[in-house]
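Working notes, beginning with the structure itself.
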Amino acid sequence: MWVAGGGEASRIFGSTPNPAREWGMPDPKSVLAERLQVGFDRLEPGADPVLRASDRADFQANGALALAKRLGRSPREVAEAVVAQVDVADLCDLVEVSGPGFINLTLSAPFLASQLSAMAVDGRLGVEQAVEPQRVVVDYSGPNVAKEMHVGHLRSTVIGDSICRILDFVGHQVIRENHVGDWGTPFGMLIEHLIDLGEGAVEELSVGDLDAFYRQARESFDTDQTFRERSRRRVVLLQSGDEETLALWRILVAESVRHYDAVYEKLGVLLTDDDIVGESFYNPMLAGVVEDLRGTGLLEESDGAQCVFPPGFENRNGEPLPLIVQKSDEGYGYAATDLAAVRDRVERLGASRILYVVGSPQSQHLQMVFAVAHMAGWLPEGVDAVHVAFGSVLGPDNKMFKSRSGESVKLDALLDEAVERAATAMAERESDMQAVDRAAAARTLGIGAVKYADLSTERHRDYVFDWDRMLAFEGNTGPYLQYAHARIRSIFRRGNVTAPDPAVPVTLVDPDERSLVLQLLGFGEAVAASLQATSPSKLSAYLFDLASVFTSFYENCPVLRAPDDETRRSRLVLSDLSARVLAVGLGLLGIGAPERM
RNA sequence: GCCCCAGUAGCUCAGUGGAUAGAGCACCGGCCUCCGGAGCCGGGUGCGCAGGUUCAAGUCCUGCCUGGGGCGCCA
C-alpha cells in the first residue's frame with residue numbers, strides 16, 4: 001500500500017489536478033466555514049458563522065440568529081443577506097434559509113468526491129499539522145517503586161499514551177514523563193527489609209511479587225519497634241546520599257522498572273525506561289525550591305512547616321489552606337517535588353504546555369501547585385499547566401474496582417485475563433487462521449478491548465469495568481472496530497484485488513456512499529476535537545460512527561460485485577480509505593488493527 | 001462545613017448555546033440463497049429538582065437533592 005506525506009503526494013500526483021490545493025484542506029466543514037466567514041464579515045467583521053453538522057442538511061450555519069440581535073434586524077433577513085454575499089456554488093447543491101434563520105447547506109457530490117480524493121491521496125488522511133507546534137510535557141502513568149501496577153494506573157497510562165500519540169501525529173513535540181514514586185519515607189523500611197532478606201531477596205523480587213515484599217516490610221514496620229527505628233535512620237542515610245544505601249535503593253528501583261517494562265509491553269504503550277523521571281530526580285532541586293520561595297517572600301512558617309498559602313484555598317474551618325513545601329521535620333513533601341518538576345519542565349525542557357494525566361482526587365493539590373508556581377514565576381504566561389483529570393474504575397457493584405479479597409486488582413493479571421477472554425471469544429467462531437496468528441490477534445483484541453473501554457468513556461466520569469461488555473463484538477467496543485477493519489481488509493483479500501490508486505475518482509450516487517464520504521471527511525475534525533478537549537473519547541466516538549456508517553454502506557452497496565468497473569473502483573477506494581482511517585484512528589488510541597481475526 | 005467531579009432511555013454511554021435530545025446493549029417485529037449474519041430495516045421510553053440569563057438551555061448562572069472524591073505536614 002502506498003503511504004506518504006502530503007508533500008510527496010503532490011509530487012507523485014502532480015500531473016493530476018490536486019483538489020486539496022484548490023479548496024484547502026479536505027475537511028469540507030473548514031472550507032465552508034471559510035466561505036461563510038466572508039459573508040458574515042460583510043455584516044459584522046469577525047461574526048461567528050456557528051457552523052455545525054445538521055440533521056436537516058449536511059451543515060447548518062446558526063450565526064445569523066446571534067447576529068440579528070446585535071444588528072437589530074430579523075434573523076431571517078440577516079441569513080438571507082449572508083447567503084446573498086456568499087459564493088458557494090462550487091461547494092453546495094443547496095443553500096436555504098430555514099426556520100427562524102438557520103442557513104442549511106447541502107454539499108454537492110462533485111465537491112465531496114473531490115475532497116475525498118484529496119484525503120485519500122494524503123498520507124495524513126486530511127489531518128492538519130499544528131500551525132504552531134508546541135513542546136508538550138505529558139506526565140502520566142506514575143507507578144510506585146516496590147509496588148505492582150494495579151488497575152488504578154490503567155487510566156493514566158492508557159489515556160496519557162493516546163494523548164501523546166495524538167499530539168505527536170498532529171506535529172507537536174511530545175516529552176513523555178513517567179513520574180514514578182521512587183523516593184520518600186517508605187524507602188527506609190523497604191531497604192531495611194531488603195537487608196533482612198539478604199542476598200536471596202533479589203531473586204525473590206525478580207520473581208515478580210513486589211506487593212508481597214512491600215506488605216512484609218510494612219508488617220515489620222508496624223509490629224517491630226527496632227525495625228521501625230532502623231527504617232527511620234535508613235531514610236536519613238538515603239536522603240544524605242550514603243552510597244551503600246543508594247546501592248540497595250537502586251536494586252529496588254531496577255526490579256520495579258523491570259516490572260513496569262513488562263506491563264507496558266503487554267499493554268502496548270510508548271513508555272520506556274528513558275521516560276522515567278522519578279521523584280528522586282528532583283531531590284537535588286528541593287532545597288533550591290524552598291530557598292527561592294523564601295526569597296520571593298511567599299514562604300510562611302505554620303506549625304513548624306514551611307508553607308505557601310495560595311489565595312482561594314481554604315480548609316474545613318475556613319482558614320487559608322497551605323501548600324506544605326517543607327515539613328516540620330525538615331523533610332520535603334510531594335508539593336516540593338511537584339513544584340521542582342514544574343520548574344524543571346519549564347526551564348530545562350522548555351515546555352509550553354504541561355499535561356498532568358492524573359486522577360481527579362488530586363485536583364485540589366494540583367491547582368494549588370499551579371497557583372504557587374504562578375506566584376513564584378515558575379509558570380509564566382504562555383505556559384499552560386493542565387490537569388487532565390479522570391474518574392475512577394469501578395467494579396460491577398459500582399464501587400472502586402477491587403479483587404474478591406478486597407485488594408486492588410493487579411494490572412498484569414488483568415491484562416492476561418483480557419487476552420484469555422479474547423481468545424475464548426474468538427474460539428467460539430470459525431476461523432481459518434493459524435494458531436500463532438490467532439494468539440497474536442487475541443492479544444490485540446484483549447488489550448484493545450480494555451483500552452477502548454477506558455478511552456471511549458468521557459474521561460471525567462467514573463466507568464464500570466465489565467468484561468462482557470468490553471469484549472463484545474457488537475456495540476461501541478474495541479473488538480467491534482477491529483472487526484470492522486478486518487472485514488474491510490477481507491474484501492481485498494477474498495476478492496484478490498489490491499487497493500486501487502487513491503487518486504481514482506469516486507462516484508457518489510447511492511446515499512450510503514455519500515454518508516460514508518461525509519463521515520470519512522470528518523476525520524481531521526475529530527482528531528482536532530479530541531486534542532482540543534484532551535479527550536480520546538471524541539476520537540473513539542468518531543471511529544464508532546465511521547464503522548456504523550461503513551456497515552450500512554457495505555450492506556447496501558456491493559463492492560466486488562458492483563454494477564460496473566467505475567463504481568467498483570470507486571467503492572474500493574472508499575473501502576480502502578475507511579480501513580486506513582480505522583487503522584490510523586485506532587493507532588492514535590494505542591490500539592492495534594489486525595488484518596484478520 | 002467548604003471545595004472538586006458526576007447525575008441524560010430498563011442498563012452502559014454520546015451530545016462543541018441552536019430546530020423534533022441520540023447511539024449501543026437488552027426486548028419485540030420484519031428482511032436478506034448475505035463481497036465475513038459479529039448484518040440490515042422498523043418499533044419507545046429520558047435531560048435529578050427549582051429558579052434565573054438568553055431570540056434559543058441537557059449545555060451558562062444560583063440554590064437544593066443524590067452519588068463519588070478531596071480538605072496541614074502520605075504521594
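No hydrogens, no waters, no symmetry mates; every other heavy atom, side chains included, goes into these values. Proteins come first, then strands; the chains are lettered A, B, ... in the order of their sequence lines, and each starts at number 1.
Taking atom CZ on A:R459 and atom C1' on B:C4, their separation rounds to 14 Å, with Å as the unit. Taking atom CZ on A:F553 and atom C1' on B:G39, their separation rounds to 15 Å, with Å as the unit. Between the CZ atom of A:R561 and the P atom of B:U33 there is a distance of 11 Å, rounded to whole Å. Summarising the geometry, the separation between OH on A:Y452 and C1' on B:C13 is reported as 11 Å, rounded to the nearest angstrom. Taking atom CD of residue A:E555 and atom P of nucleotide B:G39, one finds them 10 Å apart after rounding to whole Å. Remark: C1' of B:C13 and CG of A:L394 are 14 Å apart, rounded to the nearest angstrom. For the pair A:H460 NE2 and B:A14 P, the interatomic distance rounds to 12 Å; values are reported in whole Å.
Residue contacts for A:A562: at a heavy-atom cut-off of 4.0 Å it reaches no nucleic acid atom on any strand shown. If you check every strand for non-hydrogen atoms under 4.0 Å, A:R76 touches nothing.
Where A:Y463 and A:Y483 each meet RNA chain B at their nearest nucleotide, the meeting point lying more 5' is that of A:Y463.
Across the C1' atoms, B:C13 and B:C31 are found 29 Å apart, a figure rounded to whole Å. B:G58 and B:C49 are spaced 11 Å apart, taking the P atom of each and rounding to whole Å. Comparing B:G24 with B:U20, their P atoms sit 23 Å apart, to the nearest whole Å. Comparing B:A9 with B:U59, their P atoms are spaced 15 Å from each other, to the whole Å. Here the separation of B:C47 from B:G22, taken at their C1' atoms, is 12 Å to the nearest Å. On the P atoms, B:G15 is 12 Å away from B:C60, given to the nearest whole Å. Using atom C1' as the reference point in both B:C40 and B:C34, the two lie 10 Å apart (nearest Å). Spacing between B:G17 and B:U54 at atom C1', rounded to whole Å, works out to 9 Å.
An OP1 or OP2 oxygen of B:G7 is reached within less than 4.0 angstrom by a side-chain nitrogen or oxygen of A:R461. Proximity of A:R493 to the phosphate of B:C35: no side-chain N or O atom is located under 4.0 Å from OP1 or OP2.
Using a 4.0 Å cut-off between a side-chain N of Lys or Arg and a carboxylate O of Asp or Glu, A:D222 and A:R228 do not qualify as a salt bridge. Taking a cutoff of 4.0 Å between a charged side-chain nitrogen and a carboxylate oxygen, A:R514 and A:D510 do not qualify as a salt bridge. A salt bridge does not link A:E458 with A:K538: none of the charged nitrogens is closer than 4.0 Å to a carboxylate oxygen.
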Base contacts versus sugar-phosphate-only contacts with protein, heavy atoms under 4.0 Å: please encode nucleotides 15-25 of chain B as B, S and - from 5' to 3'. SB-BBB--SSS

Indicate for each nucleotide in nucleotides 62-75 of chain B, in 5' to 3' sequence, whether protein heavy atoms under 4.0 Å reach the base (B), only the sugar-phosphate (S), or nothing (-). -------SSBBBSB

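Nucleotide B:G7 forms a Watson-Crick or G-U wobble pair with B:C65, both donor-acceptor distances falling under 3.5 Å. Nucleotide B:C13: paired with B:G22 (Watson-Crick or G-U wobble, both distances less than 3.5 Å). When Watson-Crick and G-U wobble pairs are counted only if both distances are under 3.5 Å, B:G72 pairs with no nucleotide at all.
In this structure, A:Y452 contributes its side chain and A:S540 its backbone to a donor-acceptor pair below 3.5 Å. Judged by distance alone, with hydrogens and angles left aside, the side-chain atoms of A:R596 form no donor-acceptor pair with the main-chain N or O of A:A486 at under 3.5 Å. Side-chain N or O atoms of A:R461 include none that pairs as donor or acceptor with a backbone N or O of A:F390 at under 3.5 Å.
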What do the steps show when you test A:D139 against A:R345 for salt bridge (Lys or Arg N to Asp or Glu O under 4.0 Å), and what is the final call? CA-CA 10 Å; A:D139 178 330; A:R345 288 163 181 174; 3.0 Å; yes

From CA spacing to verdict: ring pair (Phe, Tyr, Trp, His ring centres under 6.0 Å), A:Y356, A:F370: CA-CA 11 Å; A:Y356 290 79; A:F370 298 161; 5.2 Å; yes

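The aromatic ring of A:F313 does not stack onto the base of B:C3, failing the criterion of a centre distance under 5.5 Å from the six-membered base ring together with planes under 30° apart.
Across every non-hydrogen atom of A:A418 and A:V450, the tightest pair is CB-CG2, 3.5 Å.
A syn orientation is assigned to B:G72, its glycosidic angle lying within 90° of 0.
For A:T551, counting side-chain heavy atoms from C-beta on, the closest listed nucleotide (B:C35, B:U8, B:C40) is B:C40.
The CG atom of A:D48 sits 7.0 Å away from the CD atom of A:Q37 when rounded to the nearest 0.5 Å.
Taking the six-membered ring where the residue is Trp, the centroids of A:Y480 and A:Y483 are separated by 6.0 Å or more.
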